[in-house]
Protein chains: 2
Amino acid sequence: MSQYGIRPSAQRVAIARYVLATDQHPTAEQVWSRVRATFPTVSRATVYNTLQLFKQHGLLLEHELGGGSAVFDPNVEPHHHFVDDETGEIRDIPWSAIAVGDVQLPDVQVREYSVVVRGRRADAP
Amino acid sequence: MSQYGIRPSAQRVAIARYVLATDQHPTAEQVWSRVRATFPTVSRATVYNTLQLFKQHGLLLEHELGGGSAVFDPNVEPHHHFVDDETGEIRDIPWSAIAVGDVQLPDVQVREYSVVVRGRRADAP
DNA sequence: CTCAGATTTAGACTTAATCTACATCTGTTG
DNA sequence: CAACAGATGTAGATTAAGTCTAAATCTGAG
Ligand SMILES: [Mn+2]
Ligand SMILES: [Mn+2]
Ligand SMILES: [Zn+2]
Ligand SMILES: [Zn+2]
């Protein structure tokens, strides 16, 4: 973590151990709840501040995909997302799984793009 | 509007006149603010309820694309979106402007998908 | 015209997120 | 080590989007 210019306080390490290792897409409140299980005194403000710090240093992405709260994503490589209509659960889709042609728009400098897919898990066949 | 099974009250007509005709992607608060200019007594609850009603009847889409609040979109045909990093402004991208290959995911019934592009307006050349 | 159901309203409430002011920690310097 | 300044963390207040409630008002079928 210090390799990224972030001083590794105990709180930051506890937050990192959860949020940088998950394959889910937790909200800030979910991160706070999880981290309090092992670090009961950590404050809400520290969790929100640390998530923004990690984001600014490129360790996390923040997405708004519906459900009313932002989610955090330690997978910082380009990829797409599937959002379950019923549960709101978010799953990663590998970049290679969807072919997207050139994204060039007039008068726009594109920073990033991705596909958001919505639907439901299919019933057993 | 009655063709969609919605009783056209004065409030609903005032809301529809703005939100079904705009080419922007206003938030509920922006809709409320705009509608109050011509209908000063309309309540916040009526605006939120009416937007959800229009959405349920297929007159509007609701998107969460960042910025902390949902936006409403009278363009209910499939299309993509560009989000300006600096201003948060949202612009439509025609469906035909981006080629997206097959979107098929294991165990998923896809309801809809689209591309979200982020970046900034290019400076004059 | 009546009145039951539909619609609207003001304001209370909930929740995500941010802010503030103060406390604590930590690394550096003498 | 001791002092201290800057960095970090904390509790609780605050903001803002959105929802809910209970009461008022409207409307059209009979
Ligand atoms: Mn929503
Ligand atoms: Mn919010
Ligand atoms: Zn992801
Ligand atoms: Zn649109």
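In what follows, chains carry the letters A, B, and so on, assigned in the order in which the sequence lines appear, proteins first and then strands, with residues in each chain numbered from 1. Given the structure is predicted, the values throughout are model-derived calculations rather than measurements.
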Side-chain donor or acceptor of R121(A) paired with backbone N/O of D84(A) under 3.5 Å: no
Main-chain N/O of V110(B) paired to R118(A) side chain as donor or acceptor, under 3.5 Å: no
I'd like to check the side-chain hydrogen bond (donor to acceptor under 3.5 Å, both in side chains) partners of R111(B); sequence neighbours left out, ordered by chain and number. D85(A)
Please list, chain by chain and in numerical order, all residues satisfying side-chain hydrogen bond (donor to acceptor under 3.5 Å, both in side chains) with R44(B), sequence neighbours excluded. E29(B)
d([atom1], [X]; [atom2], [N]) in whole Å:
X: R36(A); N: dT10(D); atom1: CZ; atom2: C1'; value: 14 Å
X: W32(A); N: dT10(D); atom1: CH2; atom2: P; value: 11 Å
X: I6(A); N: dG6(D); atom1: CD1; atom2: C1'; value: 18 Å

List every contact pair, protein side and nucleotides 15-19 of chain C side both N or O, where the distance is under 3.5 Å.
from: dA17(C); atom 1: OP1; to: A70(A); atom 2: N; distance (Å): 2.9
from: dA17(C); atom 1: OP2; to: Y48(A); atom 2: OH; distance (Å): 3.4

Candidate nucleotides dT10(D), dG9(D), dA10(C), ranked by approach to the side chain of S43(B) - the nearest: dA10(C)
Qualifying residues under ring pair (Phe, Tyr, Trp, His ring centres under 6.0 Å), relative to H81(A), sequence neighbours excluded: H25(A), H63(A), H79(A)
Not counting sequence neighbours, which residues clear ring pair (Phe, Tyr, Trp, His ring centres under 6.0 Å) with Y113(B)? List them please. W95(B)
Nearest-0.5 Å distance, CG of residue L51(A) to CZ of residue F72(A): 4.5 Å
With side-chain hydrogen bond (donor to acceptor under 3.5 Å, both in side chains) as the criterion, how do Q24(B) and Q30(B) come out once you've worked through the C-alpha distance, each side chain's angles and the decisive distance to 0.1 Å? CA-CA 11 Å; Q24(B) 301 187 237; Q30(B) 287 170 339; over 6 Å; no
Protein-nucleic acid N or O pairs under 3.5 Å, nucleotides 23-29 of chain C:
from: dT26(C); atom 1: O3'; to: R7(A); atom 2: NH1; distance (Å): 3.4

